[in-house]
Amino acid sequence: MFEAERARSSAQSAFATLELIFHASVRHVRQGHGNAVLGLLLNMVQTVVLVLVFYTMMTLMGSNRAAAVRGNFVLYVMSGVFMFMTHSKALGAVAGAEGPTSAMMKHAPMNTIVSIASSALSSLYLQILSASCVLYGYHAAFTPITIHDPVGAMGMMLLSWASGVAIGMIFLAAKPWAPDVFGVVTMVYMRANMIASGKMLIANQAPHKIRQWFDWNPLFHTIDQGRGFVFMNYHPHYTSIGYAVKVTCVCFVIGMMAEFYTRKHISASWFSKR
C-alpha cells in the first residue's frame with residue numbers, strides 16, 4: 001500500500017513468480033500436517049500399505065507365478081503403485097486447488113496459475129520423496145534391487161504426474177459450474193483408476209479383449225512403459241509413450257482453456273447459498 005510500484009523486466013517477473021510458487025508449494029506441503037516429518041511418514045505409510053495390499057492380492061491370485069516379468073516381484077508391484085499414487089495425488093491436489101474466489105486470491109501477487117503449480121509441485125515432491133525412502137528401505141532391509149534404466153523410469157513417473165495434473169485441471173475448471181456433480185465425478189475417476197490403471201496387469205500377457213478396456217488410460221501406458229525401464233527382461237509391445245504424451249498435452253490445453261473461461265465468468269455469489 002505504501003510502496004511505489006516499479007516496472008519489472010520479464011526476467012524479474014519470472015523469478016518473482018517462481019519464488020511465489022516455491023513459497024506456495026511449501027505452504028501446501030506443510031498444510032497437510034503441522035509436523036513436516038510426520039506428514040512425510042504418513043504419506044510413506046499410505047504407500048507401503050497400498051503395496052502390501054496389492055502384493056497380498058496378487059499373491060493370492062497367483063499372479064506372481066504367472067508374471068512374465070522376470071525380476072523382483074515386490075519391485076514389480078511398487079513400480080505400478082508409485083506411478084498410480086503419483087498420478088492420483090497430482091490429480092486430487094490440482095482438482096482441489098484454490099480457485100479464483102478463494103480468499104488467497106485477494107493478495108495481489110497470487111493467482112490461480114500459482115495455486116495450480118504449487119499444488120502440483122507439492123504432490124510431486126511428496127511422492128518422489130516417499131518413493132525414494134520406500135525403495136531405499138526395501139533395498140537396505142530386505143534385498144538389494146537394481147533398476148535397469150533409472151532415468152527412463154523417472155521419466156515415466158514424471159509423465160504419470162503430468163497426466164494427473166492435466167486431467168486435474170479439467171476437473172478444477174469444471175467444478176465451479178456444478179460443484180457436487182464434478183466432486184463426485186472426480187472421486188469416481190480416482191477410485192476407478194484403482195482398476196483402470198492396469199497396475200496389476202501385464203500388457204504383454206493380457207488378451208486383446210481385456211487390454212482394450214485399459215488402452216484409453218494414459219496411466220496404463222506409463223505404468224507398462226515404466227516397467228520396461230525398471231526390468232531388463234521386459235519389453236512393452238502394446239503400450240506407447242507417445243500416446244500418453246499426446247493425451248497429456250490435449251488435456252492440459254483443454255484444462256487451461258476451461259480454467260481461463262471459468263476464471264473470467266465465475267462469481268463469489270455462486271456459492272452464497274451453499
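Computation of the quantities below employed the complete heavy-atom set of this structure, encompassing side-chain atoms and omitting hydrogens, waters and symmetry-equivalent molecules.
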Review item, side-chain donor-acceptor pairs of residues 242-253, under 3.5 Å, at least two apart:
residue: Tyr243; atom: OH; partner: Trp216; partner atom: O; Å: 2.7
residue: Thr248; atom: OG1; partner: Ala244; partner atom: O; Å: 2.7

Pairs where residues 186-207 contributes a residue and the test ring-ring contact (aromatic ring centres under 6.0 Å, His included) is met, not counting sequence neighbours
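Non-adjacent pairs meeting ring-ring contact (aromatic ring centres under 6.0 Å, His included): Phe171-Tyr189.
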
Would you say [X] and [Y] are hydrophobically clustered, going by side-chain heavy atoms of ILVMFWY under 4.5 Å?
X: Val49; Y: Phe142; value: yes
X: Val53; Y: Phe73; value: yes
X: Ile116; Y: Phe260; value: no
X: Phe82; Y: Tyr234; value: yes

Leu52 atom CG, neighbour heavy-atom count above 12 within 6.0 Å
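Yes.
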
Heavy-atom pair of closest approach, residues [X] and [Y]:
X: Pro176; Y: Thr262; answer: CG-CG2, 3.8 Å
X: Thr186; Y: Ala95; answer: CG2-CB, 4.1 Å
X: Met44; Y: Cys133; answer: CE-CB, 3.5 Å

With rounding to the nearest 0.5 Å, note down the distance linking [atom1] in [X] to [atom2] in [Y].
X: Ser123; Y: Met85; atom1: OG; atom2: CE; answer: 11.0 Å
X: Ser119; Y: Leu91; atom1: OG; atom2: CG; answer: 12.0 Å
X: Phe84; Y: Thr47; atom1: CZ; atom2: OG1; answer: 10.5 Å
X: Asp215; Y: Asp224; atom1: CG; atom2: CG; answer: 10.0 Å
X: Thr86; Y: Ile223; atom1: OG1; atom2: CD1; answer: 9.5 Å
X: Tyr238; Y: His221; atom1: OH; atom2: NE2; answer: 13.5 Å

Contacts of Phe229 that satisfy ring pair (Phe, Tyr, Trp, His ring centres under 6.0 Å) - sequence neighbours left out
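Applying ring pair (Phe, Tyr, Trp, His ring centres under 6.0 Å) to Phe229 gives none.
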
Restricting to ring pair (Phe, Tyr, Trp, His ring centres under 6.0 Å), what partner residues turn up for Phe220, sequence neighbours left out?
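Phe220 satisfies ring pair (Phe, Tyr, Trp, His ring centres under 6.0 Å) with Phe214 only.
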
The criterion is side-chain contact (heavy atoms from CB on, under 4.5 Å); which residues satisfy it with His235, sequence neighbours excluded?
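side-chain contact (heavy atoms from CB on, under 4.5 Å) list for His235, sorted by chain: His237.
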
Which residues pass the side-chain contact (heavy atoms from CB on, under 4.5 Å) test with Val181, not counting sequence neighbours?
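Listed in chain order: Ala178, Val185.
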
What do the steps show when you test Met78 against Leu135 for side-chain contact (heavy atoms from CB on, under 4.5 Å), and what is the final call?
CA-CA 8 Å; Met78 286 194 293; Leu135 280 173; 3.7 Å; yes

If you link I, L, V, M, F, W and Y whenever their side-chain heavy atoms are under 4.5 Å apart, who else ends up in the same group as Phe182?
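In the cluster with Phe182 there is nothing else; it is isolated.
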
Connected hydrophobic set around Met187, excluding itself, where side chains approach under 4.5 Å:
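Under the 4.5 Å side-chain rule, Met187 groups with nothing.
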
Got a list of side-chain donor-acceptor pairs under 3.5 Å for residues 152-170, not counting sequence neighbours?
residue: Ser160; atom: OG; partner: Met156; partner atom: O; Å: 2.9
residue: Ser160; atom: OG; partner: Thr222; partner atom: OG1; Å: 3.0
residue: Trp161; atom: NE1; partner: Ala120; partner atom: O; Å: 2.9
residue: Ser163; atom: OG; partner: His87; partner atom: ND1; Å: 3.0
residue: Ser163; atom: OG; partner: Leu159; partner atom: O; Å: 3.3
residue: Ser163; atom: OG; partner: Ser160; partner atom: O; Å: 2.8

Side chains of Gln46 and Lys89: does their closest heavy-atom pair fall under 4.5 Å?
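Gln46 reaches Lys89 side chain to side chain.
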
Measure the acute angle between the ring planes of Phe231 and Tyr76, then classify it against the limits of 30° and 60° as parallel, tilted or perpendicular.
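Aromatic pair Phe231/Tyr76 classed tilted.
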
Ser79: partners by side-chain hydrogen bond (donor to acceptor under 3.5 Å, both in side chains), with sequence neighbours left out:
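Ser79 satisfies side-chain hydrogen bond (donor to acceptor under 3.5 Å, both in side chains) with Arg227 once adjacent residues are dropped.
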
Can you pull the side chain to side chain donor-acceptor pair (under 3.5 Å) pairs that have at least one residue in residues 132-152, sequence neighbours excluded?
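Checked against side chain to side chain donor-acceptor pair (under 3.5 Å) - neighbours excluded - the pairs reaching residues 132-152 are Asn72-Tyr138.
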
Does the side-chain contact (heavy atoms from CB on, under 4.5 Å) test come out yes or no for Leu50 and Met194, once each step is laid out?
CA-CA 11 Å; Leu50 201 58; Met194 292 284 288; 4.2 Å; yes

